[in-house]
Visitor: 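A single structure is presented below for examination.
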Amino acid sequence: MDAKRSSVPAKLLHWYDANARILPWRARPCEAADPYRVWLSEVMLQQTTVAAVTPRFREWTARWPTIDALAAATDAEIMAAWAGLGYYARARNLVKAARAVAHDHGGRFPATEAGLRALPGLGAYTAAAVAAIAFGERAVVVDANVERVVARLFAIDTPLPAARPAIRAAADTITPDVRAGDFAQAMMDLGATICTPRRPRCLLCPLREDCRAFAAGDPERLPVKAAKKARPQRHGTIFWLERPVDIPSPTSPGVSARARQSSHHPGLVPGSTVPQTRQPEPMRVGGCRDEPGMTALVSREDQAREIWLVRRPPRGLLGGMRALPTGPWVEAAPALDDAPADTEWRVLPETVAHGFTHFDLTLALAVGRGVPHGEGEWWPLADLEAAGLPTLFAKAARAVMESDR
DNA sequence: AATACGTGGAA
DNA sequence: TTTCCAAGTAT
């Protein structure tokens, strides 16, 4: 190891001492880190930006300040509190890990990388990060920031993900025995603020002289990534089922499509393939119009309204989350398959588009009143915010309420 | 090894 | 508008 390279951690830690970001989950200098907060922040930050996590972390720790408090919460509370953050397996694993720590480890997190790695939701990165940041263990912490910094520093131009072993080995060579947590966070701060994916600020970089990609003149080229696949388009139907209570209802008859399970319909593209009567006049209700938020769309007349919510299956897409009922999400045009009630469905002219990681979804909105079959719960429309719907369904709810006025 | 798994902000 | 990407994990 030449002298230049061995000085990388010292230079980086020196830079970090002057430039560390102030973040709510970070301990102050010379203050012990709280493993619960470190773990929670690391899980929230998986594939999620600091900007998105910051307010959610504050709310979460105000509500559940300790691992024991979190372990005592119900699944429904925790899943709802995670709503909007995405990658809901994180919340499902969070519950399991919290209860494992509370019940099997006496309320203390395992203090080693290997012990942490055994908890649900802690993979190679998170276990190393918590071990280093919360417990000071020397661990090789490699996230996307570190991958980028190291790929540039060592000019590793093998495409990801094949480059991972080489990157990890290189990261190992610069990881110090002391201040392991600071070093990990310094690498991530450097990646987030200086060694950025595009237009890296090399002139501000404390490692500029050590960086082979900078020397070669094109740091932005690294790391090389494999090409991405196109995302297929899928279609589906969201069912907005209201309880048949005594409130003024639209007089128009709506679309005479009767839903049956496993039946086949020609498709529901509004205004085209479904035999429709004239588009029904939207029901008009009061309420202020200057606020786009969901709550503002709920008028006094809406106070009595309730909609039917279900819970998604415990695994898979949006697994375990409260949701609006939907039919299957398929390549074909939407239909009324799997409707939650046998009633007349009025298909709105609006659709909801939503992009997932691996496919794009366009959803038709079917509105009806009736008696549901299957599991679910009636939820007061005025309190829909508290249901903790994933963004897709929050969008759909907003679209229905805006269409209805 | 490759794929499933969310979302919102920046360029 | 579209594309890229963010403190990844599980299978």
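Just so it is clear: chains get the letters A, B, ... in the order the sequence lines come, proteins before strands, and each one is counted from 1. FYI, side chains are in, hydrogens and waters are out, and symmetry mates aren't considered; it's all heavy atoms of this structure.
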Visitor: So, is A/Q47 near the phosphate of C/dA6, with a side-chain N or O under 4.0 Å from OP1 or OP2?
Guide: no

Visitor: Is it the case that B/dA4 (base atoms only) and A/R315 (side chain only) share a donor and an acceptor within less than 3.5 Å, ignoring hydrogens and angles?
Guide: no

Visitor: Could you give the CZ-to-P distance, from A/R322 to B/dG6, as a whole number of Å?
Guide: 17 Å

Visitor: Identify, between A/L122 and A/V50, the residue whose nearest nucleotide on DNA chain C lies closer to the 5' end.
Guide: A/V50

Visitor: Taking 4.0 Å as the cut-off, does a side-chain nitrogen or oxygen of A/H354 come that near to OP1 or OP2 on B/dG6?
Guide: no

Visitor: Any side-chain donor paired with an acceptor under 3.5 Å for A/T48 and A/R56?
Guide: no

Visitor: Which part of the nucleic acid, if any, lies within contact of A/L23, taking any heavy atom under 4.0 Å across all strands shown: a base, the sugar-phosphate backbone alone, or nothing?
Guide: base

Visitor: OP1 or OP2 of B/dT7 sitting under 4.0 Å from any side-chain N/O of A/K395?
Guide: no

Visitor: B/dA2 phosphate, OP1 or OP2: any side-chain N/O from A/K229 under 4.0 angstrom?
Guide: no

Visitor: Should the pair A/H354 and A/F356 be assigned to parallel (<30°), tilted (30 to 60°) or perpendicular (>60°) ring geometry?
Guide: perpendicular

Visitor: Closest approach to the side chain of A/Y87, judged atom by atom: which nucleotide of B/dT3, C/dA10, B/dC5 is it?
Guide: B/dC5

Visitor: Taking all heavy atoms of A/K11 and all of A/E209, pick out the closest pair and write down the distance.
Guide: NZ-OE1, 4.1 Å

Visitor: B/dT3, OP1 or OP2 - any side-chain N/O from A/H358 closer than 4.0 Å?
Guide: no

Visitor: Taking C/dA7 as the reference, what is the distance to B/dA4 when you measure between their P atoms (whole Å, please)?
Guide: 24 Å

Visitor: Write down the atom of A/A71, the atom of A/R99, and the distance for their closest heavy-atom approach.
Guide: O-NE, 3.4 Å

Visitor: For atom P, what is the distance between C/dT11 and B/dG6, given to the nearest Å?
Guide: 14 Å

Visitor: Figure out the CD/C1' separation between A/E147 and C/dA7, and round it to whole Å.
Guide: 12 Å

Visitor: Atom CZ of A/R199 to atom P of C/dC5: distance rounded to whole Å?
Guide: 16 Å

Visitor: Hey, does A/A51 reach any base, or is it just sugar-phosphate, or nothing, if we go heavy atoms under 4.0 Å?
Guide: nothing

Visitor: Between A/R311 and A/A76, which heavy-atom pair has the shortest distance, and what is it?
Guide: NH2-CB, 3.7 Å

Visitor: Does OP1 or OP2 of C/dA6 have a side-chain N or O of A/R148 closer than 4.0 Å?
Guide: yes

Visitor: Taking the side chain of A/P197 as its heavy atoms from C-beta onward, which of B/dA4, C/dC5, B/dG6 lies nearest to it?
Guide: C/dC5

Visitor: Please state how far atom CG in A/L45 lies from atom C1' in C/dC5, giving the value in whole angstrom units.
Guide: 15 Å

Visitor: Between A/N93 and A/W25, just flag the one whose closest nucleotide in DNA chain C comes earlier from the 5' side.
Guide: A/W25

Visitor: Which part of the nucleic acid, if any, lies within reach of A/P161 when heavy atoms closer than 4.0 Å are counted: base, sugar-phosphate only, or nothing?
Guide: nothing

Visitor: Where the side chain of A/R117 is defined as all heavy atoms beyond and including C-beta, which of C/dA10, C/dC4, B/dT3 is the nearest nucleotide?
Guide: C/dA10

Visitor: Using atom CG of A/D360 as one end and atom P of B/dG6 as the other, report the distance to the nearest whole Å.
Guide: 15 Å

Visitor: In whole Å, I'd like the distance from the CH2 atom of A/W82 to the P atom of C/dT9.
Guide: 12 Å

Visitor: Can you name the one residue among A/R312, A/R322, A/R92 that meets side-chain contact (heavy atoms from CB on, under 4.5 Å) with A/M79?
Guide: A/R92

Visitor: Would you kindly give the CZ-to-P distance between A/R92 and B/dA4, to the nearest whole Å?
Guide: 16 Å

Visitor: Closer than 4.0 Å, any side-chain N/O of A/T391 to the OP1 or OP2 of B/dT7?
Guide: yes

Visitor: Hey, does A/A144 reach any base, or is it just sugar-phosphate, or nothing, if we go heavy atoms under 4.0 Å?
Guide: sugar-phosphate

Visitor: Could you check whether A/E42 and A/Y125, counting side-chain N and O atoms only, form a donor-acceptor pair closer than 3.5 Å?
Guide: yes

Visitor: Between A/F359 and A/R198, who's closer to the 5' end of DNA chain B by nearest nucleotide?
Guide: A/F359

Visitor: Which nucleotide in the list B/dT3, C/dA7, B/dG6 gets nearest to the side chain of A/L317?
Guide: B/dG6

Visitor: Test for a donor-acceptor pair under 3.5 Å between the base of C/dG8 and the side chain of A/T126, counting only N and O atoms.
Guide: no

Visitor: How would you label the contact of A/L85 with the nucleic acid (heavy atoms, under 4.0 Å): base, sugar-phosphate, or nothing?
Guide: base

Visitor: Please determine, for the side chain of A/K225, which listed nucleotide (B/dG6, C/dC4, C/dA6) has the closest atom?
Guide: C/dA6

Visitor: Using a cut-off of 4.0 Å on non-hydrogen atoms, how would the nucleic acid contact of A/G355 be classed: base, sugar-phosphate, or nothing?
Guide: base

Visitor: On a plain distance test, is the side chain of A/T48 in donor-acceptor contact with the base of B/dG6 below 3.5 Å?
Guide: yes

Visitor: Whole-Å distance between C/dA7 P and A/Y16 OH?
Guide: 14 Å

Visitor: Show the numbers, then the answer: is there a side chain to side chain donor-acceptor pair (under 3.5 Å) between A/Q46 and A/R90?
Guide: CA-CA 9 Å; A/Q46 289 167 6; A/R90 293 184 292 172; 4.8 Å; no

Visitor: OP1 or OP2 of B/dA4 sitting under 4.0 Å from any side-chain N/O of A/R90?
Guide: no

